[in-house]
*Asks:* 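Here's a structure for you.
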Amino acid sequence: MTKKIKLRSLLIGGFFTLLFVVLISKVYWIQVVEASWLLGEAEKKWETDKVIAPVRGSILDRNNKVLAVEATSYTIALNPKMIDGYHIAENVTQGLAEILKESDVTKPTLVNKIRERATKMKPDGSDFAVYTEIRNEGWKIEKEKADQVRALISELQTKLKLNAKANVGINILEDKKRYYPGETLASHILGYTNKEGEAALGLELKLDQTLKGVPGMLSYEKDGKGVELPDSKINFKPAQDGNNVRLTIDKNIQFYLENALAKVNDKWHPKSLTAIAVDPQTMEILGMANTPTFNPNTYWTIKDQSDFKNNAVASRYEPGSTFKLVTLAAAVEEGLFNPNEMYQSGSIKVEDRELHDHNRVGWGKISFLDGLKRSSNVAFVKLGYEKLTSPKLKEYINKFGFDQKTNIDMPNEVSGLIDMKYPSEFATATYGQGKVVVTAIQQTAAYAAMANGGKLMWPHIVKDIVDPKTGKSIQSFAPQVVRQVVSEKTASLVSGYLEQVVSDQEIGTGKLAFMEDYRVAGKTGTANLVLPGEKTYSTDSWVISFIGYAPVENPRILVTLIADQPDLGGNYHLGGQVLAPAFKEIVGESLQYMGVASNKQTKMVPKEANKLTVPNFTDVTAESAKATAKESGLSLEVFGKGAKVVDQFPKAGTEILSTQRIYVAMQTVDEMPLPNLVGRSLRDAVEACSFFKVECQTSGEGYVSDQATTGEGEGRSVTLQLKPLSDKSSTASSSTPTPTPTPTSNTKTEAQRSTAKKTP
């Protein structure tokens, strides 16, 4: 018995001795071997790291009006366990659905969604959940809706006879979100950031690195309850807020664009509409709009992703007759366009293919200028394919930049597609169909080159990057000339021809864009569509376009408008009515807003009196020439001394507008000095230089404020300094005009007209 007790005691003692050795070993291992590692892990548990979010930079228009900004928002979170405890799930569901609904159509779906959130269970189904959010409707909502939720909470507290601080299971969490105060305004330009704060589209995505800033960090030590420890280590790195971005967009002009497009959309119901407004002198984008549109504040409600597409830069189309600008400019530059030369309209054969005018029987034998006004395809086949030839046509198409992107500072730009191989393809390219597919921004840049003196400019929409604290510019983006595509003289002549497309109220295809207040140059386009799955052109679906600029004498705004498949009822003749009213509305409102003087005091009269044929003044006396000009309603300027007229510009028989000057010389122009051109528009100055055979170079924009002539004889050249209309009166008054040329009709000269204008 005693032996058993001793053995049992020995076993128990041995067990506890072994346990003690193991415990001592473990303590030694923890306190000595792993002490430093465990201390580090403990410090990590003690430390609290807080990420300090930077404020995302604002996007502003050119006048510092806010287009996108960071704003306080609120998120609705529910506690299903607490809601069930109060038995108010249905009250919460119906109340929140009424507040958070976005339309009556979505309310039934939203009711089910909120009910599911208010009664949500834990993953294991053991009990109700204690936290759930209502996304997207209750996520990052504005203050107005948050206040309505607070009122609902107060109502439930009263019903349950709870105090004002009691939680009924509805929580309102303060947050930040991106806010677009203009709602749909400029949405395709701006894009949006999603509810996670990530840039998702448009300039928000393109300029994300500039706008988002750099997060900061706050780190400190805490106890088990999360309270900061005394003398704890504090590490603080401040957040660096994002920079602001100032655009070239003008918020007012952007509104004019969108308002006009809404009217076109209501009347003609096209598949889509696109509008671009630019300053043609700099190619700064003043406005850019599309329909269908969207509200970036509620982007998640858009089901069709095509609504987000910015067709101004991301879509290609066959341009139709607006592309005739390239053929016209090339022919004028190469000296191949004679506006009075006659041709047979109707149809033309290119190898085995017959091409037609939109009026298939044509208008008989007409001049090339009338062919432009009527938008005759045959005229441009003869100009571009026969006269200019295919290689030269391709060369000018590339010079105008249609074979590559414009590199506009916007995302998702696509390039045009230029792929002519066969004679018939080059022929149809002359009038913008077939193997010529372009973008709206490419077309805009090409027309701007005619408005600014022949310079292809880089289109851009970002004006500068701005420090949000100081408001000072960090980086600016100046206008850039890509290349000179045609001479200033050619650009001026082409502008004059395009003006007649609009001003000729009898045959001009752009006549509905005519404005009494401003001189307009422009061109219409109607292109048949090749529908998906088909190889032939549709007979009742078109892309309608109009591109124009004003005022012709000093273009301040250029507008491109495109309507994809408007409802014309199968009648393409209605195409001219689709966009002209919108163009007039946009340009008229914009020019008045910009303070550009109108022509109200010198209104252009209807076509019968506006379109005149130049008489033959050669071999008549100065007095006889003046009498003839006065009788015809023309403005005549006489230069030199002599018995009879030896030269004139334009040549006899040319059709012109009554606003255009006629020049006659009484002696050889080489023997006469260039007259004083101060106060004249660029167009009039270039015409005078052409008449006197003087090479002309210009700097600036607007009207001539100074001139400097160098060289003699055929080597003469003149440099003209131009200033805007607002500066013209002060510069012109300092110079003494040459008294020799005297207008001989009651029609005022350009200089006289301009001094009579008043800013509206």
*Asks:* Can you run down the ring pair (Phe, Tyr, Trp, His ring centres under 6.0 Å) pairs that involve residues 244-290, sequence neighbours left out, and say none if there aren't any?
*Replies:* none

*Asks:* Please find the pair of heavy atoms, one from I141 and one from E137, that lie closest to each other, and give the distance.
*Replies:*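 Taking I141 first and E137 second, the nearest heavy atoms are CG2-O, 3.2 Å.
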
*Asks:* Of the non-hydrogen atoms in A521 and S495, which two are nearest, and what is the gap between them?
*Replies:*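 The pair with the smallest heavy-atom distance is CB-O, 3.7 Å.
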
*Asks:* Is the shortest side-chain heavy-atom distance between I547 and V559 below 4.5 Å?
*Replies:*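 No, side chains not in contact.
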
*Asks:* Between T291 (side chain) and L273 (backbone), is there a donor-acceptor pair under 3.5 Å?
*Replies:*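 Yes, because the side chain of T291 sits within donor-acceptor range (under 3.5 Å) of the backbone of L273.
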
*Asks:* May I ask you to test the L78-I170 pair for a side-chain heavy-atom distance under 4.5 Å?
*Replies:*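 Yes, at least one pair of side-chain atoms sits under 4.5 Å.
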
*Asks:* Between D208 and A199 (side chain of the first, backbone of the second, donor and acceptor by atom type, cut-off under 3.5 Å), is there such a pair?
*Replies:*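 Such a contact is absent between D208 side chain and A199 backbone.
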
*Asks:* If I compare all heavy atoms of K140 with all of T75, which pair ends up nearest, and what's the gap?
*Replies:* N-OG1, 3.2 Å

*Asks:* Using a strict threshold of under 4.0 Å (side-chain N to carboxylate O), is an ion pair present between R246 and D464?
*Replies:* yes

*Asks:* Show the nearest heavy-atom pair for residues G401 and L456, with the distance to one decimal.
*Replies:*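 Minimum heavy-atom separation between G401 and L456: N-CD2, 4.3 Å.
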
*Asks:* Establish, from distance only, whether the side-chain atoms of T293 and T184 form a donor-acceptor pair under 3.5 Å.
*Replies:*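 Checked: T293/T184 side chains show no N/O donor-acceptor pair below 3.5 Å.
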
*Asks:* Between V436 and F402, is any pair of side-chain heavy atoms under 4.5 Å apart?
*Replies:* no

*Asks:* For E144, does the CD atom have more than 12 heavy-atom neighbours from other residues, nucleotides or ligands under 6.0 Å away?
*Replies:* no

*Asks:* Distance alone, cut at 3.5 Å: any donor-acceptor contact between the side chains of T406 and E413?
*Replies:* yes

*Asks:* Might you work through the side-chain contact (heavy atoms from CB on, under 4.5 Å) test for I441 and I285, ending with a clear yes or no?
*Replies:* CA-CA 10 Å; I441 193 64; I285 309 297; 4.0 Å; yes

*Asks:* Is there a side-chain contact between N265 and P270 (heavy atoms, below 4.5 Å)?
*Replies:*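 Contact flag for N265/P270 side chains = yes.
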
*Asks:* side-chain contact (heavy atoms from CB on, under 4.5 Å) for K463 and T248? Distances and angles first, verdict last.
*Replies:* CA-CA 5 Å; K463 197 170 185 68; T248 61; 4.0 Å; yes

*Asks:* Using a 6.0 Å distance limit plus a 45 degree cone around the ring axis, check whether R150 lies over the aromatic ring of Y74.
*Replies:*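 Yes, a cation-pi geometry.
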
*Asks:* Working note: D564 + Y317, criterion side-chain contact (heavy atoms from CB on, under 4.5 Å); need CA distance, chi angles, decisive distance, verdict.
*Replies:* CA-CA 9 Å; D564 183 9; Y317 65 101; over 6 Å; no

*Asks:* Using the side-chain contact (heavy atoms from CB on, under 4.5 Å) definition, which of the options V326, I276, L325, V438 pairs with Q443?
*Replies:* V438

*Asks:* Using modelled atom types only, decide if a donor and an acceptor are shared between the side chain of R117 and the backbone of E133 within a distance under 3.5 Å.
*Replies:* yes

*Asks:* Does the W458 side chain pair with the main chain of N407, one donor and one acceptor, at a distance under 3.5 Å?
*Replies:* yes

*Asks:* How about F294 and F308: are their ring centres within less than 6.0 Å of each other?
*Replies:*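 F294 vs F308: aromatic centres under 6.0 Å.
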
*Asks:* Just checking K271: does its NZ atom have more than 12 heavy atoms from other residues, nucleotides or ligands closer to it than 6.0 angstrom?
*Replies:*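 No - once you tally the heavy atoms of other residues, nucleotides and ligands closer than 6.0 Å, there are 12 at most.
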
*Asks:* Over all heavy atoms of both residues, which pair between P319 and A527 is shortest? Give the atoms and the distance, please.
*Replies:*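 It is C-CB, 4.1 Å.
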
*Asks:* With distance as the sole test, does D61 use its side chain to make a donor-acceptor pair with the main-chain N or O of K65 at under 3.5 Å?
*Replies:*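 Between the backbone of K65 and the side chain of D61 there is a qualifying donor-acceptor contact (under 3.5 Å).
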
*Asks:* For the backbone of L286 and the side chain of D250, can you confirm whether one donor and one acceptor N or O come within less than 3.5 Å of each other?
*Replies:* no

*Asks:* Check this for me: E116, atom CD, are more than 12 non-hydrogen atoms of other residues, nucleotides or ligands nearer than 6.0 Å?
*Replies:*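 Count over threshold, so yes.
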
*Asks:* If we ignore hydrogens and angles and just use 3.5 Å, is the side chain of Q442 paired with the main-chain N or O of Q404 as donor and acceptor?
*Replies:*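 Confirmed, Q442 side chain pairs with Q404 backbone.
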
*Asks:* Looking only at the side chains, is there a donor atom on one of S73 and Y179 sitting less than 3.5 Å from an acceptor on the other?
*Replies:*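 No donor-acceptor contact under 3.5 Å links the two side chains.
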
*Asks:* Is the backbone of K399 close enough, under 3.5 Å, to the side chain of R483 for a donor and an acceptor to pair up by distance?
*Replies:* yes

*Asks:* Please enumerate all residues that pass salt bridge (charged side-chain N to carboxylate O under 4.0 Å, His left out) together with R316, with sequence neighbours excluded.
*Replies:*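 Partners of R316 under the salt bridge (charged side-chain N to carboxylate O under 4.0 Å, His left out) test: none.
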
*Asks:* Under 3.5 Å, is there a donor-acceptor pair between the side chain of Q281 and the main chain of P555?
*Replies:*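 A pair under 3.5 Å: yes.
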
*Asks:* If every non-hydrogen atom of I557 is compared with every non-hydrogen atom of A277, which pair is closest and at what distance?
*Replies:* CD1-CB, 4.3 Å

*Asks:* Measure from the side-chain N and O atoms of E70 to the backbone N and O of G57, and report whether any donor-acceptor pair falls under 3.5 Å.
*Replies:* no

